[in-house]
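When reading the values below, keep in mind they use all heavy atoms of this one structure, side chains included, and skip hydrogens, waters and symmetry mates. The chains referred to below are lettered A, B, ... by the order of the sequence lines, with proteins before strands, and numbering in each begins at 1.
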Amino acid sequence: MDYKQTLNLPTTGFPMKANLARREPEQLKQWEDLRLYESIRTASAGRTPFILHDGPPYANGHIHIGTALNKILKDIIVRSKQMSGFDAVYVPGWDCHGLPIEHNVDKELGEKKKSLTRSQVRKLCRAYAERFIDIQRSEFKRLGVMGDWTHPYLTMNYEYEAIIARECMKFGLSGDLTRSKKPIHWCFTCQTALAEAEIEYQDESTDSIFVKFALADDLTAEVPALTGKQVYLVIWTTTPWTLPANLAVALHPDFEYVAVDAGRDEVYVLARDLVEPCMATFGRAAYSILARIDPRRLERKRCRHPFYDRESIIVLGKHVTLDAGTGCVHTAPGHGREDHDVGLEYGIEAYSPVDDRGRFTPEVEFFGGQFVLDANSQIRAKLSETGALVQAGKLAHSYPHCWRCKQPVIFRATPQWFISMDKTELRRKSLEEIDRVQWIPAWGRERIYGMIENRPDWCVSRQRAWGVPITVCYCAQCETLLLNEEIIDRVVRMFSEHGADVWFERDVAQILPPGARCPQCGHDGFIKETDILDVWFDSGVSHAAVLEVRKDLRWPADLYLEGSDQHRGWFHSSLLTAVGTRGRAPYDGVLTHGFVVDAEGRKMSKSLGNVIAPKEVIDRYGAEILRLWVSASDYREDIRISDTILTQLSDAYRRIRNTHRFMLGNLYDFAPETDAVAAEQMPEIDRFTLHRLQLLVEKARRAYDLYEYHTIFHALHNFCAVDLSALYLDILKDRLYTSPAKSRERRSAQTVLYTLTDTLCRLMAPILPFTAEEIWQHMVAAPNRVPSVHLAPLPTPQPERMDAQLAERWEQLLAVRGEVTKALESARVQKLIGHALDAAVTLSVDGELYDRLARYAEDLRSIFIVSAAELVKDQPLEGAFESAEIKGLKIRVQPADGEKCHRCWVHETSVGQNPEHPTICARCTQALAA
RNA sequence: GGGCCUGUAGCUCAGUCCGGUUAGAGCGCACGCCUGAUAAGCGUGAGGUCGAUGGUUCAAUUCCAUCCAGGCCCA
């Protein structure tokens with residue numbers, strides 16, 4: 001007889017091979033057909049909302065691995081909050097305006113751009129953004145990210161554009177929005193402002209000159225040694241043409257300066273550390289140091305401009321370096337970023353007497369009307385003439401050029417719009433708000449606090465086409481802003497209806513109400529601003545445009561989650577716009593993740609050739625493995641990815657999958673509502689396993705609450721591999737296979753398997769939504785069970801299923817088991833046995849342990865998975881394995897007595913005793929009779 | 001150059017806040033077993049000067065300093 005047919009062997013349609021790359025898209029289609037997301041919304045109506053507000057990715061290019069990480073993390077959060085009993089609506093968004101798109105459209109247009117109107121260019125940009133939104137949307141969905149993909153928020157939606165304008169005008173109304181000059185990169189060929197991204201650096205040979213500025217103030221009080229001497233500050237510059245705009249000389253407050261007797265009745269002030277190289281350059285071998293000078297004593301002293309009849313003041317700035325030059329820095333606030341910043345501190349204007357074509361304005365003495373780069377040589381000549389030129393040479397260094405025309409660019413101050421950090425205490429209020437937000441990890445607070453504390457005013461204007469205009473008009477006569485509630489309403493209505501394009505299509509008279517007059521001077525002519533807003537403002541007001549507007553959302557958000565670069569980016573701009581207009585942060589919590597790096601911890605870049613695209617991973621391993629990667633990593637730090645890591649995760653995935661496949665296979669004939677066995681009727685090992693399951697659930701739920709998913713992955717994997725596969729399930733096989741199918745002992749095991757499968761499946765669902773669903777669909781469903789695991793709640797710990805004393809006894813039993821397996825292995829090496837069932841073990845233990853084990857004497861055989869286990873009290877056992885871990889424990893392994901039962905494979909002396917079934921044991925004979 | 005952060009076995013993570021027995025886990029690897037989870041399952045074992053150096057201490061992976069390597073953001 002073939003006794004194999006009498007066993008209850010596992011059977012399931014749940015495939016061992018996941019085939020994720022093929023099956024996932026099918027699953028997504030099914031969910032879509034079932035309208036799963038809508039069902040979840042309906043089912044959670046009325047629950048407490050949990051709002052994770054999506055930071056909008058930029059609608060350009062395909063998603064990269066970092067975007068995938070970000071979206072998967074968000075999805076895990078949303079799903080786990082949903083399954084924790086919240087109504088977790090997820091509205092994805094896209095950032096649509098901005099330079100990169102306009103830049104790419106420019107490239108496609110080439111020369112044609114010049115013949116197009118601003119509105120025409122804007123339409124092309126809009127179409128471009130739409131194209132990539134569609135691409136990215138399908139890529140995000142492919143990752144298993146669940147959300148309202150049919151109604152995402154787009155910063156270029158008309159309603160959104162209207163709110164951007166509205167929020168901007170609120171700053172105008174409050175007086176925070178101001179206009180002042182600031183140096184920007186300017187291409188005089190294209191006659192346009194350029195962003196940093198539009199600059200290409202090329203090596204170029206430029207002038208390198210040293211110029212002396214005669215000190216006008218007397219230093220006798222500060223440095224007596226200089227009494228009666230003519231003192232000069234010597235500066236170094238590579239842009240002589242900016243000297244007409246010189247208004248100051250900057251020193252570093254912490255450097256040491258000295259007065260050097262340079263001969264020819266001249267005293268030079270130089271940074272001490274640069275004296276030697278400078279004097280060598282000047283060809284003045286013989287010099288002596290007269291005095292040390294504390295730069296702080298020179299602050300606000302005056303010098304003579306080298307060729308104009310005016311003064312330059314001495315200022316202190318930490319941007320001064322000792323890398324090159326003299327330690328005294330020529331400062332023209334209209335022509336340099338740092339010059340401008342230090343100028344602001346000292347109240348010096350951003351003087352920039354250069355027009356759009358790069359020519360000095362007429363009032364510039366000696367050089368009016370000259371092209372600035374051509375003026376360099378004449379300025380040099382002028383300096384020689386006045387005797388201010390100390391030294392002249394050439395220097396090769398990298399100089400900014402325009403990306404389009406390849407010509408050199410200049411720094412030039414132009415009027416820009418700023419949101420003031422201090423005028424209405426935006427900085428102070430923001431800093432206060434930072435302390436009310438929960439930053440995860442906690443150092444996020446230090447990071448953003450430092451930035452807000454030190455940042456300059458926010459320059460929000462850009463001289464570009466693709467964006468939302470700064471919707472203000474100002475008096476043509478006195479430049480006073482004309483802004484009130486009525487105008488705001490008009491603009492908002494116009495934008496909601498026609499989009500921001502309307503601002504460029506209509507002239508100022510059509511925008512302002514009829515009869516508008518300047519509140520300051522009564523004039524009726526107005527200028528419409530045509531600069532657009534920094535795109536950080538666009539996304540920064542998403543809390544207003546999305547959270548406040550959508551009925552299914554709520555202001556403020558519970559959580560913002562982005563990469564740690566967003567402390568400078570979206571967290572920052574969102575904070576400022578919300579505090580500035582609403583007086584508080586738009587989020588209660590901010591979670592950050594690190595960046596994806598390669599196996600060596602280096603950033604991914606095309607040049608290093610270490611870029612891993614999400615698509616490659618999905619096609620090769622499946623989105624589920626990418627998700628598992630996200631969950632396995634501690635994302636608060638940088639996250640490594642490599643083939644080694646992905647292979648490892650595939651292995652882990654397979655272990656989790658196969659564990660569930662085995663459990664499903666043993667549940668084929670189990671109906672939970674009729675076959676379940678009550679816990680009190682279960683064997684101890686079953687209750688022990690349920691106890692351990694509770695510990696896992698507790699741990700995982702805590703980790704979900706703390707957003708620490710890697711803990712869950714490790715715990716889940718460990719549980720499947722160690723607690724289940726290597727222990728419980730291995731021991732269970734005998735009971736499941738050989739006991740009568742409907743026996744209580746088998747039903748008890750199945751009850752546990754059912755509980756395990758059901759619990760683990762729900763526990764993993766936020767991380768592995770595809771696999772959890774696949775398991776769910778292969779379970780024999782209890783009546784009225786929800787149709788998708790994603791409609792089910794996360795499991796909750798059930799204290800009544802815990803039994804600490806029982807667990808403690810079993811932990812000890814398992815420690816003994818560990819020693820037994822060692823003894824078995826040693827017997828195996830000696831060829832005494834092969835399979836553990838070939839063995840009979842005898843344990844000798846001392847008193848206390850004996851008493852504890854005696855209780856389980858009958859169970860030891862099955863716990864150890866051997867054919868026989870005998871327990872004796874402290875007896876010498878010849879040739880026994882002596883445990884190093886448990887003192888007094890000796891284990892003797894011998895080949896088991898009796899024949900191997902053909903049915904259960906246990907070696908039993910009862911085999912052969914029954915004439916009807918001569919090849920099987922008494923236990924099996926009994927089972928067959930049942 | 002500045003701000004914030006990271007560095008524990010081949011890999012992913014514990015432990016470090018509140019210094020103290022041979023620094024843990026799983027995977028991978030090696031070797032073996034099984035063939036009734038089978039392109040599966042089980043067992044045993046080998047892997048770490050806790051980035052480096054110096055300091056504090058009776059004692060440091062844990063505290064401090066410096067350095068090295070790497071990341072994000074500025075300049």
Give A:Leu7 one of three labels, base, sugar-phosphate or nothing, depending on what nucleic acid heavy atoms sit under 4.0 Å from its own. base
Could you check which nucleotide pairs with B:C33 in any of the strands shown, counting Watson-Crick or G-U wobble with both distances under 3.5 Å? B:G41
May I ask you to decide whether A:Lys822 forms a salt bridge with A:Glu825, counting only side-chain N to carboxylate O separations under 4.0 Å? no
Under 4.0 angstrom between A:Arg655 side-chain N/O and B:G41 OP1 or OP2: yes
I want to check one thing: is the phosphate of B:C33, taken as OP1 and OP2, less than 4.0 Å away from some side-chain N or O of A:Arg828? no
Using a cut-off of 4.0 Å on non-hydrogen atoms, how would the nucleic acid contact of A:Met663 be classed: base, sugar-phosphate, or nothing? nothing
Reckon A:His902 touches a base, only the sugar-phosphate, or nothing at all at heavy-atom distances under 4.0 Å? base
Would you say A:Lys4 reaches B:G36's phosphate, i.e. side-chain N/O to OP1/OP2 under 4.0 Å? yes
Tell me whether A:Asp457 is salt-bridged to A:Lys182, with the criterion being a basic N under 4.0 Å from an acidic carboxylate O. no
Give one of base, sugar-phosphate or nothing for A:Trp629, where a contact means two heavy atoms less than 4.0 Å apart. nothing
Can you say whether a donor on the side chain of A:Lys733 sits under 3.5 Å from an acceptor on the base of B:A37, or the other way round? yes
Just checking A:Val829: base, sugar-phosphate only, or nothing, at a heavy-atom cut-off of under 4.0 Å? nothing
Does A:Arg661 place a side-chain N or O at less than 4.0 Å from the phosphate oxygens OP1/OP2 of B:U38? yes
Going by purine N1 to pyrimidine N3 plus the second Watson-Crick contact, or the G-U wobble pair, all under 3.5 Å, which nucleotide sits opposite B:G26? B:C11
Base, sugar-phosphate alone, or nothing: which one does A:Glu600 contact when heavy atoms must sit under 4.0 Å apart? nothing
Check the chi torsion on B:G32 and let me know: syn if it falls within 90° of 0, anti if not. anti
Between the base of B:G36 and the ring of A:Tyr737 - centre-to-centre under 5.5 Å, planes within under 30° - is that a stack? no
Give, for atom CD of A:Glu882 and atom CD1 of A:Ile891, the distance between the pair rounded to the nearest 0.5 Å. 10.0 Å
Compare the minimum distances between each of B:G26, B:G28, B:G36 and the side chain of A:His717, then state the nucleotide with the smallest one. B:G26
A:Ser564 side chain N/O closer than 4.0 Å to the phosphate oxygens (OP1, OP2) of B:C73? no
Please classify the nucleic acid contact of A:Ser826 as base, sugar-phosphate, or nothing, using heavy-atom distances under 4.0 Å. nothing
So does A:Arg636 pair up with A:Glu708, basic N to acidic O under 4.0 Å? yes
May I ask you to decide whether A:Asp565 forms a salt bridge with A:Arg568, counting only side-chain N to carboxylate O separations under 4.0 Å? no
